[in-house]
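Chain identifiers are assigned alphabetically (A, B, ...) following the order of the sequence lines, protein sequences preceding nucleic acid strands; residue numbering begins at 1 within each chain.
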2 protein chains.
Amino acid sequence: MQQVADRAGVSIATVSFVVNGTKYVTPATTARVRAAMRDLNFRGNVVARALASRRTRIIALLFPTTGNRFSPTTAQFFMSAAERASERGHHLVLWPVDPAGDDLDDLVSGGLVDGVIVMEVRMDDPRVAVLTSLEVPFTLIGRTRDSRGLPFVDIDFETTIVSSIDHLESLGHRRFALVLEDLEGTPMAGYAPHLRAQATFERVIAERGLVGQVAPAGAGSDGGRAAAEAILAADPDVTAVLVMKDDSSAGVLVGLYAAGRRVPEDVSVLSIASSATHADQHYPRLSTMVAPGRELGIRAADALIDQLDGVSDDLPHFLLPCTLRVAESTGPAPV
Amino acid sequence: MQQVADRAGVSIATVSFVVNGTKYVTPATTARVRAAMRDLNFRGNVVARALASRRTRIIALLFPTTGNRFSPTTAQFFMSAAERASERGHHLVLWPVDPAGDDLDDLVSGGLVDGVIVMEVRMDDPRVAVLTSLEVPFTLIGRTRDSRGLPFVDIDFETTIVSSIDHLESLGHRRFALVLEDLEGTPMAGYAPHLRAQATFERVIAERGLVGQVAPAGAGSDGGRAAAEAILAADPDVTAVLVMKDDSSAGVLVGLYAAGRRVPEDVSVLSIASSATHADQHYPRLSTMVAPGRELGIRAADALIDQLDGVSDDLPHFLLPCTLRVAESTGPAPV
DNA sequence: CTGAAAGCGCTAACAT
DNA sequence: ATGTTAGCGCTTTCAG
């Protein structure tokens, strides 16, 4: 940088000013400096800049290292938030972090990142306490149990579940099941989307005098199949299954087939908080409550960057429900 | 840090030594320093450390921002490499970068990251030139056309394709098709896995006097279905389809069904460089050449960190083929 | 409008 | 075994 200054016949400070646009510099001088930078192939040192200015324009999206749960929705958060951050002059990186938040301070201390987006939030997520005590700006994709004081964007699971049941009820269904991932005893126990969905499901079922059960599913296609068997054992007359775990929906179908049920003639299967791509992967294509992954990723990035730039004063509380996508016919059945 | 030193009655240098284990410090002193750190709730400043020591112990896995191609295998690379890096005292972050490598220097300059892992490599990937000129240590998951001078780990696509055809031929198949993603005209054109697989496919088909065709597929389930239709139009007697694009395999099945073909009775479908999880998602379950995603992620992390630590002198050239996983019966067919 | 200079918080010789 | 001290490369008051 000193070299650039010398070559342009200015001081190192002036170079800094043109690089950052911090202060007004004569067009003529600016041009000389830029030319010098070009000639010398000058690349600013991000680390030094960060140390001196206390900001890196890097934000981290926290990825919980447990459970290998890399869902399409997660990927959407990442990609859309990264895009938005980039548009607003920031970099977004996906950072694997222990779900307990133990290794969080290494990264955040000293201002390696300006702010943090937290996803896969649990009802009592330990990471928000850590982040708060570290005094680093953050935004949640998701909500803790009591999130009034926190900036968040989230899927409106309550509305999503109500709409799901509305839809199915309008089709004549009265006997329901909800398939959820079994997170008991794992670090992801207390996963907020599950608990909110389950609570709403049970409430609506009770209020409307419907029949409903909740079935936990293990991993993979096999877990889904086992869940389907358990559901049919508990209620052979069930006609509507809500599946809120992407990787078990295929297994649920197999389990239903194995028990002689046709889909959707005998039993309707609705994939909750999933994606169109995932739904189309099945045979038959599944109807789906599509998660607003991109929208939330964008909102989260905006909320955080607003906070960083001091643009906004109020803390965002943004809820968006999933939208129903009814499967089109898939075509002839496999024979 | 000065406060810690004061409180422990030592110099700031000593604190640095115990923090980094750089030099031997008396157990007694060490204890006093640690106590002081605890009392003062001291958190080292990563950025300052990086500036002074020229290393951050952070490595970046480059994620090409184009095409939304976040495959399960990508996720495996990320998670396994992150784990391994963590075991070896490094942090691994997933960094979205333009596939042309234009914004690479911002991140790498000034030593924000100690090294880089590149994935989704194209035959003439511009990123390796950038990285080379930036003089940042890097390792590829994948290979450029001429990769003799580069450290890489990769899937052995040649062997994988040969094994695939071996397997299917042993089952009596003589007429093949290979489904690939159509990347022509996109930033990912020249994607090495496709080109290597296609070249090997065509060579083996020709050498053995078999019948074969290559079919490009568009996005999603619909792209797969269209590909299946094109394949049947070109060769109604085709009996074996290799699918090297995860999101079109479901569509391929639908296309085959629609044309009255049974799977696997009439036509075998083999998913190439995919995962068990993905294969089990289908009906029927697909046989699969499973990509060694975790193994490669680990190897890549090791190779890079060896390079950073100066542990290893020779540059790694590690190739691993996919392994055949024959689908078990799925159970009764949907009716 | 531009320059001088004091740090940012830590590391790593070099001394002792 | 511990302390001194000169930077790492840049930002940012404060003068001029």
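In this structure, A:Q2 places its CD atom where more than 12 heavy-atom neighbours from other residues, nucleotides or ligands lie under 6.0 Å away. For A:Q3, the CD atom sits in a loose shell: 12 or fewer heavy atoms of surrounding residues, nucleotides or ligands are nearer than 6.0 Å.
As rounded to whole Å, 18 Å separates atom P of C:dC10 from atom CZ of B:R57. The interatomic distance linking A:L51 (CG) with D:dT11 (P) rounds to 11 Å, in whole Å. Atom CD in A:Q2 sits roughly 12 Å away from atom P in D:dC8 (whole-Å rounding). Per the geometry, CD belonging to B:Q3 stands 10 Å off P belonging to C:dG9, to the nearest Å. To the nearest angstrom, P of D:dG3 lies 11 Å from CG of B:D6.
Under 4.0 angstrom from either OP1 or OP2 of C:dG3 there lies at least one side-chain N or O belonging to A:T14.
Taking the six-membered ring where the residue is Trp, A:F70 and B:F78 present perpendicular rings, their angle passing 60° and hence far from 30°.
The closest donor-acceptor contact from the side chain of A:D103 to the backbone of A:D98 lies under 3.5 Å. Side chain of B:S86 to main chain of B:A82: no donor-acceptor pair is present (N/O by atom type, distance under 3.5 Å, no hydrogens or angles).
Legend: salt bridge (charged side-chain N to carboxylate O under 4.0 Å, His left out) pairs involving residues 24-40 of chain B, not counting sequence neighbours, sorted by first then second residue: B:R7-B:D39.
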Which atom pairs link the protein and nucleotides 12-16 of chain C when you take only N or O atoms and keep those under 3.5 Å?
from	atom 1	to	atom 2	distance (Å)
C:dC14	N4	B:K23	NZ	2.8

Please evaluate residues B:R148 and B:D146 with respect to the criterion salt bridge (Lys or Arg N to Asp or Glu O under 4.0 Å), reporting the C-alpha separation (whole Å), side-chain torsions for both, the decisive distance (0.1 Å), and the verdict. CA-CA 6 Å; B:R148 277 169 304 193; B:D146 179 7; 2.8 Å; yes
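The stretch residues 29-45 of chain A touches DNA chain D through A:F42, A:G44, A:N45, each having a heavy atom under 4.0 angstrom from the strand.
The residues B:R84 and B:D302 are annotated as salt-bridged, a charged nitrogen and a carboxylate oxygen being separated by less than 4.0 angstrom.
Backbone-only contact: A:V10 has heavy atoms under 4.0 Å from sugar-phosphate atoms and none from a base.
The residue among B:A48 and B:G9 whose nearest nucleotide of DNA chain D lies closer to the 5′ end is B:G9.
Judged by a 6.0 Å distance limit and a 45° cone about the ring axis, A:R299 is positioned over the six-membered ring of A:F318.
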